[in-house]
Amino acid sequence: MRQLLVTSALPYANGPIHIGHLVEYLQTDIWVRFQKMSGNRCTYICADDTHGTAITIRAQAEGRSEEELIAEVSEAHQRDFSGFGIEFDHYGSTNSEESRAVCHEIWTALRKADMIKEEEIDQLFDTEKGVFLADRFVRGTCPNCGSTDQPGDNCDKCNATYSPADLIDPVSTLSGTTPEIRSAKHLFVQIEKLHGFLNDWTQSGTLPSESANYLKNFFLNEPLRDWDISRPGPYFGFEIPDSPGNYWYVWYDAPIGYIGTTKQWCDANGEKLDDWWKSENTEVHHFIGKDIQYFHTLFWPAMLKTAGFSLPTKVHIHGFLTVDGEKMSKSRGTFIEAAKYLDHLDPSYLRYYYATRLSSRVEDLDLNPEEFVSKINSDLVGKVVNLASRTAKFIQNVGLSSEYPDDGGLFETFAAKGSDISEAYEAGDFSKAMRMIMELADQANPFVENNAPWELRKDESKAQELQDVCTVSLNLFRTLAIYLAPVLPELAIKAGELLGEELTSWDQAQKPLTGSAVNKFKHMMQRVDPAKIEAMIEESKQVETTSTTAPLFEDSGDALAATPLGEEITIDDFLKPDLRVARIIEANEVPEARKLIQLTLSLGGDETRNVFAGIKSAYEPGELVGRLVVMVANLAPRKMKFGVSEGMIIASGPGGKDIFLLSPDEGAVPGQRVG
RNA sequence: GGGGCUGUAGCUCAGUGGUUAGAGCAGGGGACUCAUAAUCCCUUGGUCGUCGGUUCAAGUCCGACCGGCCCUACCA
């Protein structure tokens with residue numbers, strides 16, 4: 001029996017889990033379930049990654065403490081994971097005393113090995129917010145090509161790289177102010193000292209070959225740069241004990257969270273940490289995305305090596321999720337949050353679909369909605385579940401044959417395939433495993449077809465034959481359910497309920513089940529309704545502005561400066577104007593007027609108002625009809641050159657083309673009071 | 001700019017240098033009725049991105065080019 005410690009990358013505590021994240025967690029969960037079914041001792045550890053500037057910014061924006069924010073996000077993350085059947089042995093947080101202790105331990109080892117060096121570096125400082133600015137929080141003009149609105153580290157237009165201090169006219173995206181250059185002490189890990197070790201380790205088969213090649217040709221072909229692992233305070237994280245005022249950069253403590261969280265699990269389960277992280281008997285497996293591979297394959301092994309922890313046995317690296325061949329997009333509705341998915345669809349669908357697309361290679365994976373529907377409906381419902389649903393009821397009363405009948409070697413074929421499928425799972429080639437399983441399923445249905453149980457049951461003298469055919473069919477189904485169990489734990493449970501036997505071990509596929517009762521068949525999986533996918537995508541389009549990872553808005557103060565705030569008023573003053581939601585039901589040009597459009601506004605029912613609005617310069621009558629606006633409904637009617645105006649609609653902007661009508665959000669009804 | 005990966009049927013993908021390049025889905029035709037319009041049988045469909053090289057033999061190995069995705073260290 002092997003002993004395995006498995007991790008998925010720690011999700012950042014700043015935003016919800018989406019279907020892109022799930023590629024990794026489902027991949028890991030499938031692998032872990034496979035290991036457990038195969039009889040290995042396997043512990044699956046994960047945690048929220050909670051430190052860094054982005055957390056502070058979001059907490060501030062929401063007016064609460066970082067701790068409050070990360071507690072809430074952690075709860076949401078765990079709810080999402082559990083909704084998809086992802087079973088961690090323990091889910092922790094990098095903001096824990098256990099993690100802090102391991103950070104200290106590794107730090108001490110790095111100091112002792114003389115791996116740390118100090119250096120003053122220039123960085124942009126936001127004087128209003130009182131923080132140093134990471135590159136992504138600065139925008140300015142590229143010093144190389146002069147393109148405006150470029151990030152602080154490299155230019156999107158000309159690809160030049162530079163230091164944020166070189167940026168022309170830099171602006172802090174946090175406050176909109178001009179940051180100043182300040183010098184600060186930073187601590188660096190000199191991983192170049194482990195260059196030789198990393199050369200060997202990265203090429204030793206622990207990584208997919210494409211990653212090994214990438215590291216070899218991109219990082220390891222020149223001296224490794226020192227790794228800046230400290231940030232001056234204020235910073236949400238752990239303060240460095242021998243360097244007060246400086247904090248460990250979030251990427252220092254994030255992977256350490258793997259160990260800290262394992263420690264928590266050990267303490268709760270009477271285990272020793274050293275048995276899991278400092279023992280040759282335990283394999284350590286990391287599952288990560290290709291974007292963070294250099295952290296896990298250079299910095300992380302360097303730290304582990306220095307501090308005497310186990311090195312990863314294998315780093316499993318996956319690509320990114322695309323939807324319909326394109327990056328997930330909020331405006332297209334393909335940025336689908338886990339919780340949103342669960343509102344509409346069965347998690348089994350996604351588990352299976354991803355399994356059919358995952359391999360051991362570092363490849364992007366595309367989610368194609370039509371293929372998604374057809375794979376679930378034809379593979380799972382049509383081929384696999386159908387085997388049970390078309391035969392179970394024929395032998396509900398008599399159960400399975402007491403001896404396994406002659407099936408022409410089918411069961412044997414199924415059982416023999418177990419080791420190949422097992423190998424594919426082990427290697428992470430889930431798509432290959434799924435293909436082999438479906439090839440088996442393709443042999444099972446013709447068996448039923450050729451033996452036509454629906455004919456046999458018409459003839460009482462063929463009762464035994466009927467029982468035998470169904471026994472074979474259900475056993476083939478059972479084998480498929482076992483092979484699919486890591487991917488579809490729910491199906492395995494339901495199959496087990498049908499046959500009165502829990503399917504928990506890979507080896508069960510080697511021996512047919514005979515002589516036992518067969519329970520009443522219940523639907524095991526719904527067909528996918530494409531309308532539900534559409535609904536999910538449609539709803540995802542509307543959550544566009546939630547869950548931003550950083551303030552993306554850089555609104556200028558010009559408008560406010562041009563029109564300063566008015567004198568303070570009381571609530572009674574505010575309630576004087578009666579603002580109502582109204583629908584424009586008619587809009588006409590007023591030929592003689594330069595600025596006016598004539599509008600007929602409906603307040604619901606038969607209530608209408610005739611209003612002349614000075615918006616001709618910005619709107620066409622045609623585009624106005626039907627839309628909802630906000631009107632001042634109790635404004636005294638005013639006689640104008642072209643008729644009486646019975647109110648006013650509300651808009652902002654200086655005039656001319658820049659007039660912006662206010663619209664109520666979806667759901668508002670004409671006649672409703674605004675207040 | 002540098003680097004990694006990738007290009008095979010309408011779609012998604014298999015294809016350890018060795019017959020005439022395969023599967024699933026989709027398309028076409030038929031059968032069946034036990035099953036969630038599920039299943040079964042038959043069938044249409046390909047200059048393996050392009051050009052060149054190595055080889056008795058290339059989808060497979062090598063090179064160049066064209067297209068796509070991704071990474072490029074202080075965003076996590």
Side-chain angles (χ1 to χ4, degrees), chain A residues 9-15 49-55 121 123 132-137 151-154 158-161 163-164 186 188 191 208-219 221-222 224-231 249-251 254 289-295 298-299 319-320 322 325-327 356-357 359 361-364 366 368 370-375 377-379 381-383 385-394 431-432 434-436 438-439 442 444-450 452-457 466 469-470 473 521 523-527 549-550:
Chain A
L10 312 186
Y12 200 51
N14 178 29
D49 179 16
T50 58
H51 292 154
T53 317
I55 299 292
I121 64 166
Q123 221 182 336
F132 283 96
L133 294 167
D135 294 349
R136 62 177 292 198
F137 296 130
D153 49 355
N154 72 300
C158 71
N159 255 334
T161 59
S163 135
H186 280 239
F188 294 79
I191 55 168
S209 60
E210 50 265 60
S211 291
N213 292 343
Y214 159 67
L215 293 169
K216 185 169 146 193
N217 293 316
F218 186 74
F219 290 96
N221 62 346
E222 54 180 281
L224 290 160
R225 287 179 236 167
D226 297 333
W227 183 34
D228 183 357
I229 52 124
S230 78
R231 296 292 179 275
Y249 170 50
V250 54
W251 261 115
K290 63 182 179 182
D291 51 335
I292 58 174
Q293 53 185 307
Y294 53 80
F295 290 106
L298 297 175
F299 307 136
F320 296 148
T322 57
E326 311 215 31
K327 273 191 184 177
T356 64
R357 310 305 308 261
S359 74
R361 312 196 49 183
V362 187
E363 273 180 330
D364 288 352
D366 187 52
N368 177 292
E370 285 110 64
E371 202 204 4
F372 178 88
V373 173
S374 97
K375 275 224 151 97
N377 288 353
S378 57
D379 289 1
V381 182
K383 285 179 190 167
V385 176
N386 189 36
L387 274 175
S389 96
R390 69 191 306 197
T391 53
K393 76 169 186 186
F394 294 140
S431 60
K432 195 170 175 184
M434 295 307 107
R435 231 175 14 250
M436 289 192 277
M438 286 311 137
E439 273 168 24
D442 282 335
N445 277 303
F447 173 85
V448 179
E449 203 76 17
N450 295 336
W454 56 93
E455 294 294 338
L456 298 173
R457 77 170 164 160
L466 174 65
V469 168
C470 295
S473 172
F521 179 81
H523 272 207
M524 296 184 180
M525 193 178 289
Q526 291 284 330
R527 294 170 61 74
T549 54

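Sequence lines set the chain letters: A, B, ... in the order given, protein chains first and strands last, and positions in each chain run from 1.
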Trainee: Which nucleotide wins on minimum distance to the side chain of A:Glu363, given the candidates B:rC11, B:rC34, B:rU6?
Mentor: B:rU6

Trainee: Using the side-chain heavy atoms of A:Arg527, tell me which of these nucleotides is nearest: B:rC5, B:rU33, B:rA38.
Mentor: B:rA38

Trainee: OP1 or OP2 of B:rC5 less than 4.0 angstrom from a side-chain nitrogen or oxygen of A:Asn213, does that happen here?
Mentor: yes

Trainee: Do you know which two heavy atoms are closest between A:Val385 and A:Met524, and how far apart they sit?
Mentor: CG1-CB, 4.1 Å

Trainee: Among B:rA35, B:rA76, B:rA73, which nucleotide sits nearest the side chain of A:Tyr12?
Mentor: B:rA76

Trainee: Side chain of A:Arg231, heavy atoms from C-beta onward: which of B:rC74, B:rU12, B:rU33 has the nearest atom to it?
Mentor: B:rC74

Trainee: Think A:Trp454 has a side-chain N or O under 4.0 angstrom from the OP1 or OP2 of B:rA35?
Mentor: no

Trainee: Could you measure the distance from the CZ atom of A:Arg225 to the CG atom of A:Leu298? Nearest 0.5 Å is fine.
Mentor: 11.5 Å

Trainee: Whole angstrom is fine here: how far is it from CZ in A:Phe521 over to C1' in B:rA38?
Mentor: 11 Å

Trainee: Looking only at side-chain atoms of A:Glu371, point me to the closest of B:rU36, B:rU12, B:rG4.
Mentor: B:rU12

Trainee: Tell me: CD1 of A:Ile229 to P of B:rA76, nearest whole Å?
Mentor: 13 Å

Trainee: Tell me what A:Val448 touches on the nucleic acid: a base, only sugar-phosphate, or nothing, going by heavy atoms under 4.0 Å.
Mentor: nothing

Trainee: Report the nucleotide, chosen from B:rU36, B:rA76, B:rC25, that has the shortest atom-to-atom distance to any side-chain atom of A:Ser374.
Mentor: B:rC25

Trainee: So, is A:Lys393 close to the B:rA35 phosphate, meaning a side-chain N or O under 4.0 Å from OP1 or OP2?
Mentor: yes

Trainee: Give a yes or no on whether a donor-acceptor pair under 3.5 Å exists between the nucleobase atoms of B:rA14, that is its base, and the side chain of A:Arg435.
Mentor: no

Trainee: Mark this stacking check for A:His186 against B:rC74 as yes or no, applying ring centres under 5.5 Å and ring planes under 30°.
Mentor: no

Trainee: Return one dot-bracket line describing RNA chain B 5' to 3' (Watson-Crick or G-U wobble pairs, both distances under 3.5 Å; ( ) same strand, [ ] crossing, | another strand, . none).
Mentor: (((((((..((((....[...)))).(((((.......))))).....(((((..]....))))))))))))....

Trainee: From C-beta outward on A:Trp227, which listed nucleotide comes closest to its side chain: B:rC74, B:rC40, B:rU36?
Mentor: B:rC74

Trainee: Is A:Lys383 salt-bridged to A:Asp442, going by a charged N under 4.0 Å from an acidic O?
Mentor: yes

Trainee: Can you tell me how far CG of A:Asp366 sits from CD of A:Glu371, rounded to the nearest 0.5 angstrom?
Mentor: 8.0 Å

Trainee: Checking all strands, does A:Met524 fall into the base, sugar-phosphate, or nothing category for heavy-atom contacts under 4.0 angstrom?
Mentor: base

Trainee: What's the closest nucleotide to the side chain of A:Arg357 if the choices are B:rU39, B:rC13, B:rC34?
Mentor: B:rC13

Trainee: At under 4.0 Å between heavy atoms, what does A:Gly52 touch on the DNA or RNA strands: base, sugar-phosphate, or nothing?
Mentor: nothing

Trainee: Starting at CG of A:Leu10, measure out to NE2 of A:His51 and round the result to the nearest 0.5 Å.
Mentor: 11.5 Å

Trainee: As a test of reading the structure: which of B:rG24, B:rC40, B:rC5 is closest to the side chain of A:Asp379, going by heavy atoms?
Mentor: B:rG24

Trainee: Which comes earlier along RNA chain B counting from the 5' end, the contact point of A:Ser378 or that of A:Ile191, where each point is its nearest nucleotide?
Mentor: A:Ser378

Trainee: Let me confirm one number: the OG-CE distance from A:Ser389 to A:Met525, rounded to the nearest 0.5 Å.
Mentor: 12.5 Å

Trainee: Please state how far atom NZ in A:Lys383 lies from atom C1' in B:rA38, giving the value in whole angstrom units.
Mentor: 12 Å

Trainee: Which nucleotide in the set B:rA76, B:rU39, B:rC34 lies at the smallest distance from any side-chain heavy atom of A:Tyr249?
Mentor: B:rA76

Trainee: Evaluate the ring planes of A:Phe219 and A:Tyr294, with Trp represented by its six-membered ring, and classify them as parallel (under 30°), tilted (30 to 60°) or perpendicular (over 60°).
Mentor: tilted

Trainee: At under 4.0 Å between heavy atoms, what does A:Met438 touch on the DNA or RNA strands: base, sugar-phosphate, or nothing?
Mentor: nothing

Trainee: Any side-chain N or O of A:Arg457 less than 4.0 Å from the OP1 or OP2 oxygen of B:rC34?
Mentor: yes

Trainee: Sugar-phosphate atoms are those with a prime plus P, OP1 and OP2; base atoms are the rest. Using that split, label each nucleotide of nucleotides 59-71 of chain B B, S or - for protein heavy atoms under 4.0 Å, 5' to 3'.
Mentor: ----------SSS

Trainee: Can you confirm whether A:Lys290 is buried at NZ, in the sense that more than 12 heavy atoms of other residues, nucleotides or ligands lie under 6.0 Å from that atom?
Mentor: yes

Trainee: In whole Å, what is the span from the CD atom of A:Glu222 to the C1' atom of B:rA73?
Mentor: 10 Å

Trainee: Counting any heavy atom closer than 4.0 Å, what does A:Asn386 reach on the DNA or RNA strands: base, sugar-phosphate only, or nothing?
Mentor: base

Trainee: Measure CZ/A:Arg390 against P/B:rU33 and give the value in whole Å, please.
Mentor: 12 Å

Trainee: Does A:Ser473 use its side chain to pair, donor to acceptor, with the backbone of A:Leu387 at less than 3.5 Å?
Mentor: yes

Trainee: Select from A:Lys375 and A:Val362 the residue whose nearest nucleotide in RNA chain B is closer to the 5' end of that strand.
Mentor: A:Val362

Trainee: Within this structure, what is the CG-to-P distance between A:Leu387 and B:rU36, rounded to whole angstrom?
Mentor: 14 Å

Trainee: Could you give the distance from CH2 (A:Trp251) to CG (A:Asp228), rounded to the nearest 0.5 Å?
Mentor: 15.5 Å

Trainee: Give the rounded distance in Å between these two atoms: CG of A:Leu298 and P of B:rG4.
Mentor: 15 Å

Trainee: Can you tell me how far CE of A:Met438 sits from NZ of A:Lys375, rounded to the nearest 0.5 angstrom?
Mentor: 9.5 Å

